[in-house]
Protein chains: 2
Amino acid sequence: MSAQKAAGPVDSREADPADYETDVLVIGYGCAGAAAALEARALGAEVILLERAGGGGGSSAHSGGEIYLGGGTPIQQACGFTDTAGDMEAYLLAALGPNADAEKIRLYCEGSLEHYEWLSSRGVPFKPSLWDSPSWVPPTDDGLMWLGENAMPFAALAKPAPRGHRVTSEGYGGKVLMKVLAEAVDEADIPVHTDTYAGQFILDGGTVAGVVATRFGKTVTYRARRGVILATGGFADNAEMVALHAPRLTGLGVTSDGGDDGHGIRMAQALGAGTARMSSAQVGITLIPGLVVRGMLVNAVGQRFINEDQYPGLLGQAALFKQDLAVWVILDEKAYEEVPEQERWGVVPHFAAETVEELEQEVGMPEGSLTGSVREYNRHAAAGEDPYFFKNKRWLRPLEPPFAAIDVRRGMTAPESGSAGGGGASVFTLGGLQTGPDGEVLDVSGVPVPGLYAAGRATAGIYGQGYISGTSLGEGTFFGRRAGAAAAAVPGR
Amino acid sequence: MSAQKAAGPVDSREADPADYETDVLVIGYGCAGAAAALEARALGAEVILLERAGGGGGSSAHSGGEIYLGGGTPIQQACGFTDTAGDMEAYLLAALGPNADAEKIRLYCEGSLEHYEWLSSRGVPFKPSLWDSPSWVPPTDDGLMWLGENAMPFAALAKPAPRGHRVTSEGYGGKVLMKVLAEAVDEADIPVHTDTYAGQFILDGGTVAGVVATRFGKTVTYRARRGVILATGGFADNAEMVALHAPRLTGLGVTSDGGDDGHGIRMAQALGAGTARMSSAQVGITLIPGLVVRGMLVNAVGQRFINEDQYPGLLGQAALFKQDLAVWVILDEKAYEEVPEQERWGVVPHFAAETVEELEQEVGMPEGSLTGSVREYNRHAAAGEDPYFFKNKRWLRPLEPPFAAIDVRRGMTAPESGSAGGGGASVFTLGGLQTGPDGEVLDVSGVPVPGLYAAGRATAGIYGQGYISGTSLGEGTFFGRRAGAAAAAVPGR
């Protein structure tokens, strides 16, 4: 029998009288919920924002604080880059694919400049300077970074421009983004009910009309006259849902605030809502981008399998889904020393040797395997070429003794991730509810569930199978705003 | 907007009076539906069997006719093999994993001898002779075959025994299995309503109490006093569901009777039923097992990635999910000539060359890539070893000029598959409804949906991510029987 909390709805005729009534009820106070509440309120709707934790922030506040924006933002321009919505769209379609949501990506890219202004005018800070090397979170406060746009195969599909807009912050910037959004929520006089867990929908006929929640063990009933917006996050913290829908994530570290239990998704499924691409995930592999780009990423038999200059989230997906995380970073002393200690996050090589043959033996790879790979890599690198995976020649040079190997599965602890990267990666889910472009939750026949909206990681969002940093905060706030606007526009009941 | 047929239920107070009433209503006349109907009837329940096509058979009748059975069946014994339920269980847990359904696999293996008897006593024919080489469907009528049990890593996890029980037949045996089951259905006087498409459930309170169907454009209403059993198959024929849940299958050939539209799955989801592992799939890669086992299977940069003697379905999954189907079979003239023409299914090499260097260039692989792989393979094969992937030494010998390459994506047409293997593979889905061990459909909170059962490919069955031939017919009939028994035991309403 399942250990899941019951997720089925309550009929409005059997629900308690409402403790609170509002136009739009937003569940979950991460970036998507905050954006939805702000937009609904700005359009004149009465809004209440529920949050299960003791305060706002959610998993958004634990994030690096990158926001994927482009099309020629002031920050891009100040750094000397031109960009178009079309190039941004072409990159995201490819990098988030296959089977990314083309319509939502088009809207997101066409609306990106306006969305930059929306964030910026609320006080989200971005510094107009570029960090120019692969990284999870740069050690500086530079406000712009590449997120794989200049790596093959993508560099050939769309004109590259850096689109990672980093919220100015010491270290991780998610907490700064959420602080700014929280100030805006306060200024808009939106009531926030913390420590409040939405457990069941109230159904009025076939329409979602509120929720039954619990606060410190007591039942609290909310009615929404116009709509309920789920911004409850993904299901990475729910081991049972992970085993059912994204089994390859089992046992890995989780990037979240601990509350991504998928309950909001299940509440909607209990009404017949559809889901999409539930097995997709961001894979924060525990490697240092600055190190791997200067060396080789190889599998258990010493084979390279990807160009090491791709956005590290795509390295992580390839490592997990295609190599079962049995991967090693191979580098030489020079590569290791080129990366300043503060950027190594405490990672030290697990094996070191004077020759590749010795390293191969120490790591336990078949005789001749890694040796052959390094020989091939060096031979082509000497000519400035990578005919296997087309790594940019900026990063190509023959590796020289002594050599070292880092076992990715041994993990590391990122400075502020709040997660140990268990088993070599820290993950979160990308699959979730099927939604239309205005956040309307769709049932399994593709018809909107009346009264119900969703945004952020509770939805399948813009993603196919790929993931690029900055898109979660980016599309969470962008489609959160659209959901807020759509719910506010519903005639009140 | 979606093109999906509406899948939501009808309230019993609004449904037409029943045209037909029965105890147990079975929807779908493939192997799972037939087994469910037979078992329910044998326990005294009145049964009606609905089928959308003009006659029974479903996708089961299009299959090769292998049934995965073990634990020491008379056929295994006659061929000189001992086997235990425990070894069978250990193999399936590993080969169908990770995250296979351990409880169902245990039941399936413990019940395998009894299930063999059930099939055999109804007249399903098996010949006591072994086909001893990797194959999709052997060219002989041998009744027993290996399905990867003797290949690494599985051979080290469980004592190998061949468990592929082939229904005696000229060519594909699925049609013979379904002919035998249909004779049993006729003998049991179970009414079969063909050309009847179940479109919506009838809900009585929260209980599934029947279906509204259409037959030649007319609405026909069925009431079930004890239970409704979905045996409607998977969703491989529904492009929209495939894009949402198993996007990597998009554009490939489909192994089915054309009716695996997932509508039964969606009807249950509309009631809040849960699904599991919707991205899993069988991948019938278009290669000839007898050829690849004698050569090498390599990716786009000439790397081997799996031992070629594994069950070919696992080769297919690795090729699709880990190498995007950009794979080639590399072999030499001797290997090609060792495989009789009738077993080659018309496959001829797309490239041939006197040296590996020339072949590498013709195929378009990086200079030195395939050459290095063949050199490594030959060097180790000469010593009777495969330290990379542990292919059995029976199949290891250095490859000698002239060489040839087969491009798997160019596909082929299997003699009786009814599918062209578009894009290099023909697939069907393994994900589906969450069910308990007696076929009870579970909602997203893990609670049975009253009155609703399911079996076969409409369910997630026993599978994690792997697939082994014979398990679909095997677990379809096995858990079909259990669902039939469970529904028959419900007190009539």
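Lettering follows sequence order; numbering is per chain, from 1. Just so it is clear, the structure is predicted and the values come from calculations on it, not from any experiment.
- Contact detail for B:Ser445 and A:Lys5: the closest heavy-atom pair is OG-O, 3.5 Å.
- Counting non-hydrogen atoms of neighbouring residues, nucleotides and ligands closer than 6.0 angstrom, the CD atom of A:Glu357 exceeds 12 such neighbours.
- A salt bridge between B:Lys322 and A:Asp324 is present, with a side-chain N of the basic residue lying under 4.0 Å from a carboxylate O of the acidic one.
- By number of non-hydrogen pairs under 4.5 angstrom with chain B, the leading residue of A:Gln269, A:Arg248, A:Gln303 is A:Gln303.
- Contact count versus chain A (heavy atoms, under 4.5 Å) is highest, among B:Gly274, B:Ala300, B:Gly368, for B:Gly368.
- Here the side chain of A:Arg266 pairs a donor or acceptor atom with the backbone of B:Val444 at under 3.5 angstrom.
- The contact between B:Glu367 and chain A is made by backbone and side chain atoms together, counting heavy-atom distances below 4.5 Å.
- Among all heavy-atom pairs drawn from B:Thr275 and A:His245, the shortest one is O-CE1, 2.9 Å.
- B:Ser279 touches chain A through its side chain: at least one heavy atom from C-beta onward sits under 4.5 Å away, while N, CA, C and O do not.
- Note: B:Met278 CE to A:Met278 CE = 10.0 Å, rounded to the nearest 0.5 Å.
- To the nearest 0.5 angstrom, A:Gln434 atom CD is 4.5 Å from B:Leu244 atom CG.
- Taking 4.5 Å as the heavy-atom cut-off, the residues of residues 376-386 of chain B that approach chain A are B:Glu376, B:Arg379, B:His380, ordered by number.
- When each of A:Ala460, A:Ser369, A:Gly372, A:Ser373 is checked for heavy-atom pairs under 4.5 Å with chain B, A:Ser369 comes out on top.
- Contact tally against chain A (heavy-atom pairs below 4.5 Å) for B:Gly464, B:Gly272, B:Ala6, B:Pro366: the top residue is B:Pro366.
- With sequence neighbours left out, A:Phe321 forms a ring-ring contact (aromatic ring centres under 6.0 Å, His included) with no residue at all.
- Between chain B and the residues A:Ala273, A:Ala243, A:Gly436, the largest count of heavy-atom pairs under 4.5 Å involves A:Ala243.
- No side-chain donor-acceptor contact under 3.5 Å links B:Gln465 to the backbone of A:Pro247.
- Interface residue A:Phe389: only side-chain heavy atoms are found under 4.5 Å from chain B.
- With chain A as partner, the option from B:Gly302, B:Gly8, B:Ala268, B:Ala270 having the largest number of non-hydrogen pairs under 4.5 angstrom is B:Ala270.
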